[in-house]
Each structure stands twice: as structure tokens, then as C-alpha cells.
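Model, not experiment: these values are computed from the prediction. Residue numbers begin at 1 in each chain, while the letters A, B, ... track the order of the sequences.
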Amino acid sequence: MRVRMAPSPTGYFHLGSARTALFNWLYARHTGGKFILRIEDTDRTRYMPDSLQDIMDSLHWLGLDWDEGPVVGGPYGPYFQSERLALYHEWAERLLAAGLAYRCYCTEARLEALREEQRARKEPIIGYDRHCRTLTAVQRAELAAAGAASVIRFAMPLEGETCFTDLLRKIKPFDNNQYRDPILVKSDGFPTYHFANVIDDHFMEITHILRGDEWLSSVPLHVNLYNALGWEIPVFAHLPLILDPGGVGKLSKRKKKGEGDEDLLTYIREYREAGYLPEAMFNFLAIMGWAYSADTDLFSRAQAIARFDIVDINPAAGALPLSKLQWMNGHYIRSLAPADLMERLLPFLAKTLGQPVEALRAHPALPVLVPLIQERLKTLDEAASLIDFAFVEALEYDPQMLVAKGLTPAQSLAALTAARTLLATLPFTEEGLDAPLRNLADQFGVKVGQLFGILRVAITGKQVAPPLFGSMIALGREKTLARCLRAEELLRSL
RNA sequence: GCCCCCAUCGUCUAGAGGACCAGGACACAGGCCUUUCAAGCCUGGUACAGGGGUUCGAAUCCCCUUGGGGGCACCA
């Protein structure tokens, strides 16, 4: 089995592309076949220099390694279409010679005007009128002699229908007259997708084409091309599109707002930057349109490889289940070894806290804090806001937060002072702090929650924070006492 | 507008004629636990789009309707 992922370097690697790549990769790994990466860089007007690197980085990040393609090479190269122009021209000439293709001299302006006219007249079929298909030899010679720019078009059959099969769907025959002669080679000499794709898939001996559903309606063109070229037709499987979270519209078509008020992330790099784990993304991508089993959503790469099969893919387009990704990412974060999590957190913390990675890695508070926030994280970028209190000199917070619910400022102050006095003598360990502080609350006639709440604000400046004792231990006795003192001042000023 | 694809809880899905008064997960609601927030555990509600067939029997097959999606470029 030979499958391929054929992105065009016109933008960053998209979530939907990643899912397509994943299914291709899974199929190759499941069958022991080859996964090929081919770069379809035939549109020099939309070319984006960064995007090749982004595509490769994203695939690497997801763990989708390719057996042939950029960097690794392979026996069917080159793997950039821009380096295969001679091959396309050779076959275009053959089609021309066989009368299966023809040169078209129509200008883009004429084509545009034609479509506009057709739309105005509400014609059912919009597209090229095959004006140049019937040019006489003399006319052609004149046009060529005048140096008129031309494209090469494929001469689609004028009647009849084209049948093909798809592994996931029941396809009705398509009427050939529904199609207008497509361009094979553009006037700049570059091939169009349809042409380059067919040629490359053939010469790279691709056996299965797994690609997005948006290609389904162009299959008849491809089939006719394969036939004209006399080549064997590969197996098709058109993957369901991922719709935006609301379930309306193709995800790639628009950048919409997500469930909350946040921007909907559409590129793999954005998910990486937002603190999603590659393990979680891999798993998440796989459950959109495919299921490991009837009662499991969580599975490893190896498990997915073992079970994956094209025919099990659900053909129905579906909305992007973002809340499931959140949950799944949290799950994978929780399953990490704390040291591993800390290492992954470092770049995120460095960025937000404005400190060098090395300094953070050596910081004694981090190994204490990381296990405490591990089960509280949905994404890695949330960590900083949970533990920043341990990395800043002074806390900023509303003094009113120091007044415990049900207590007066004076009562809160008294409790805090007593706690601070006690803290000065206690060993800074979980066991050392726990019982004495609870007893103190009892002695004072305040609820444990009230006392701990006051301390939490004094220590972290927040009402929601990691567990109190761990936070104090991470801070250290000296800073803990200083912050209590500062909080007492604030309470007195109320 | 024309052509094509698709259709199970709010969402992602399991289901390939009887094992389904439809299973799992997320989300949601309630409860437990609890120093906040989480996590964890328990409980709960909600779905076969509608209508016709075929069949002893249909979520599963066929048709129509409706709904959603995609395509109709010198973009891929």
C-alpha cells in the first residue's frame, strides 16, 4: 500500500489537513505500506515561504513521519511538483498529440465575462464554453504565430457518464456534460492540481487516495484523465470534512469564533502554542470520523495503528468537538510524569513569566508546584496564571479579598496574625503544617475554610490557587511570613 | 441555479435486518469527597430528521421530502 499527503505550501498546516495526514499515516502503518509527503507547489501566486517548514514541523510534532518526501528523499522523487515540470509537459504533449487535449487561447477576462453572463442568464451549468476546442488548424497557427498566451485543456467526453467507487460512499454516476474542459497546464507552464495530481499519483504508484471530501466532485475529471492516459485508477476514499464547532461550514473556509469568546484555532501550530500535547492532538484527530472501539475514546498510537482501517471511517461531516479536546488534553497532562510535565511547561512559563528557561528549570519552587497544578490544567499555557505568585516579588490584589466570608476585617486580621505567629515555628512540610493550622482554626472558632481562605489570598493574592500548604512550601517560610505581614497591614487599613 | 455527498443524544461517535424500549465519551444537571479551584467517584436527562415502501421483523435496505455539507477558478 502506498498513500500520500499532498499539501500545497500556501499557508500554515491546517487542522483538517492534519486529520487527513493522520488517516493516511495510520493506514500506511497499519498495512506496513509507505506514507509519502508530496509538496504541491504549483501555484506561484499563493506560495508562502514559511509554510513548508510549518507543514513539516507540524507533522513531526504530531509524530507523523513520512517514508518518502522532502528531507528524506526516496526512489520516486522529486517530491516537489515544481521540480517535476518536464514530466507534466511531456504528458501534456502526448495528450495534445492524441487529440485528447487542446490549446486554449481564451483570456481570463473573456472567461470571467462568460461566467458572469451565464450566471445572469441563470444557466444551470457555469463554466468554459469550449470555444477553442473547435478551432481550425489555420486559426491555431495564426494564434500561435501571434504569440497569444495559451493554456492546455483536457477534452472531456461530451456525453455519457463517469462511474467510480469510493470506499466510504455510494456514488451515483456523474454526467460528463456536467464538466467543462478543465485546464491541465496554466499559461505560466505550471500544471493545475488535477493534472499534476493524477500524474504524480501514477508515477509514485499511489494505491489509495485518502483526501478531503471537497475533492469528490472532481473525481470524474481525474477518472477521465486516467483513462485518457491509459493508467490504472487508484482506490478513492473521501474523508468527511470537519465543520466548525457550530456545525455550519467547512472549518477551513472561515476563521470563526469558538465556543467561548476566543478565537477558533485552525492551525496545528496554534494548538501547539496554546499548550495542547501532541499525544492529545493525535488521539483527538483520530476520533473525528473514526472510532477505536464502541466504548473507548482514549487510545495510544500503537493501538490506533493496530485497529485502523479505511472502511471504518464515518462518512458524515461533523462539527469540531472542542470541549472533548479540552478534556482529552487534560487527561494526557494528568497522565504525564511530573518531571516530564515540568519540562514541557518550561517554555510556556518562560514566555509568560518573562524569565529564562534555565532559571526556571533551576528554581526550587517549580518541582513543588508542578504536581499541584497537574490535575488543574487543561492546556499548558494555563500554568503560569496558577503559579505566578511564586515568581513575583510583590502581590497585587484587592484587600477586601482578605476578609473571610462571615468574618469581620478585625476577626480576619486576628486569625491571620495568629496563623503567622504559628507559621514561624512550624516545619514547612505537608504534615508539619496540616494539623497545627487546623487546630488553630478550631481554637479561634473559625472554619478551616475561612482561615485557609485568608491565608490563600495573603500567600497567592488569589482566591483560587493551588493547594495552600504546597503553595507555602514552594514560597518558603521567609516569603510566606512576609506576605502574611503585608496582608495584616492591608487588613488594618480597611 | 446546477451536480454530488451526508443524516443516531447538545457534540464526537458505536451500530453493517432480529443480540437495541439504541451503547460509550464529552458537555450539562444533581450528589459525594473537599482548604479554593480542579481531579476523582456516583446518579440523571436527552437521539435513530419526517413520510412512504421491502420484510415475519428496520436505526440498519429502497424511494421521496426536509435539513446540513461540498463542488461548479489559469486555487489547491
A/Asn314 side-chain N/O to B/C12 phosphate OP1/OP2 under 4.0 Å: no
Atom pair distance, as rounded to whole Å: CG in A/Asn197 and P in B/C75: 15 Å
Sugar-phosphate, base or nothing in reach of A/Thr45, heavy atoms under 4.0 Å: nothing
Check: A/Asp200/A/Gln81 side-chain N/O donor and acceptor closer than 3.5 Å: yes
Sugar-phosphate, base or nothing in reach of A/Ile171, heavy atoms under 4.0 Å: sugar-phosphate
G-U wobble or Watson-Crick pairing nucleotide for B/A7 (cut-off 3.5 Å, both distances): B/U66
Nearest listed nucleotide, side chain of A/Arg46, among B/C75, B/C6, B/U35: B/C75
Side-chain donor/acceptor contact of A/Lys172 with base of B/C4 under 3.5 Å: no
Presence of A/Lys186 side-chain N/O under 4.0 Å of B/C75 phosphate oxygens OP1/OP2: yes
Ring-ring centroid check A/Phe23 A/Trp290, cutoff 6.0 Å: no
Selected nucleotide, minimal atom distance to A/Pro124 side chain, candidates B/C2, B/U11, B/C26: B/C2
Sugar-phosphate only, base, or nothing, as touched by A/Gly318 at under 4.0 Å among non-hydrogen atoms: sugar-phosphate
N or O in side chain of A/Lys170 less than 4.0 angstrom from B/C6 OP1/OP2: no
Touch class at under 4.0 angstrom, heavy-atom based, for A/Ala319 against every strand present: sugar-phosphate
Sugar-phosphate only, base, or nothing, as touched by A/Ser8 at under 4.0 Å among non-hydrogen atoms: sugar-phosphate
Watson-Crick or G-U counterpart of B/C2, or none if no pair lies under 3.5 Å: B/G71
Nearest-nucleotide 5' precedence on RNA chain B, A/Arg19 against A/Leu241: A/Arg19
Row check, A/Tyr128 ring normal vs A/Arg180 NZ/CZ: under 6.0 Å, within 45°: no
Sugar-phosphate only, base, or nothing, as touched by A/Trp290 at under 4.0 Å among non-hydrogen atoms: nothing
A/Val151 vs A/Gly449, nearer the 5' end of RNA chain B by closest nucleotide: A/Gly449
Spacing between A/Asp213 atom CG and B/G70 atom C1', to the nearest angstrom: 6 Å
Rounded distance (nearest 0.5 Å) linking atom CG of A/Leu341 with atom CD1 of A/Ile373: 6.5 Å
Side-chain-base donor-acceptor pair under 3.5 Å for A/Ser217 and B/C72: no
Distance under 6.0 Å and angle within 45° of ring axis: A/Arg38 vs A/Phe80: no
Sugar-phosphate, base or nothing in reach of A/Ile126, heavy atoms under 4.0 Å: base
Phosphate OP1/OP2 of B/C74: any A/Arg115 side-chain N/O under 4.0 Å: yes
Any A/Lys378 side-chain nitrogen or oxygen under 4.0 Å from OP1 or OP2 of B/A39: yes
Sugar-phosphate, base or nothing in reach of A/Glu108, heavy atoms under 4.0 Å: base
Sugar-phosphate, base or nothing in reach of A/Gly330, heavy atoms under 4.0 Å: nothing
Residue-phosphate contact under 4.0 Å: A/Thr192 side-chain N/O, B/A73 OP1/OP2: no
A/Phe284-A/Tyr271 aromatic ring centre distance below 6.0 Å: no
Proximity to the side chain of A/Ser323 - top-ranked nucleotide from B/C61, B/U11, B/A27: B/A27
Touch class at under 4.0 angstrom, heavy-atom based, for A/Arg334 against every strand present: sugar-phosphate
Sugar-phosphate, base or nothing in reach of A/Phe174, heavy atoms under 4.0 Å: sugar-phosphate
Touch class at under 4.0 angstrom, heavy-atom based, for A/Asp43 against every strand present: sugar-phosphate
Touch class at under 4.0 angstrom, heavy-atom based, for A/Pro466 against every strand present: base
Touch class at under 4.0 angstrom, heavy-atom based, for A/Pro182 against every strand present: nothing
Distance test, side-chain N/O of A/Arg438 to OP1/OP2 of B/U35, below 4.0 Å: yes
Selection from B/A7, B/U35, B/C37 that lies nearest to any side-chain heavy atom of A/Val448: B/U35
Watson-Crick or G-U wobble mate for B/U36, both contacts under 3.5 Å: none
Aromatic contact, A/Phe190 with A/Tyr88 (centres under 6.0 Å): no
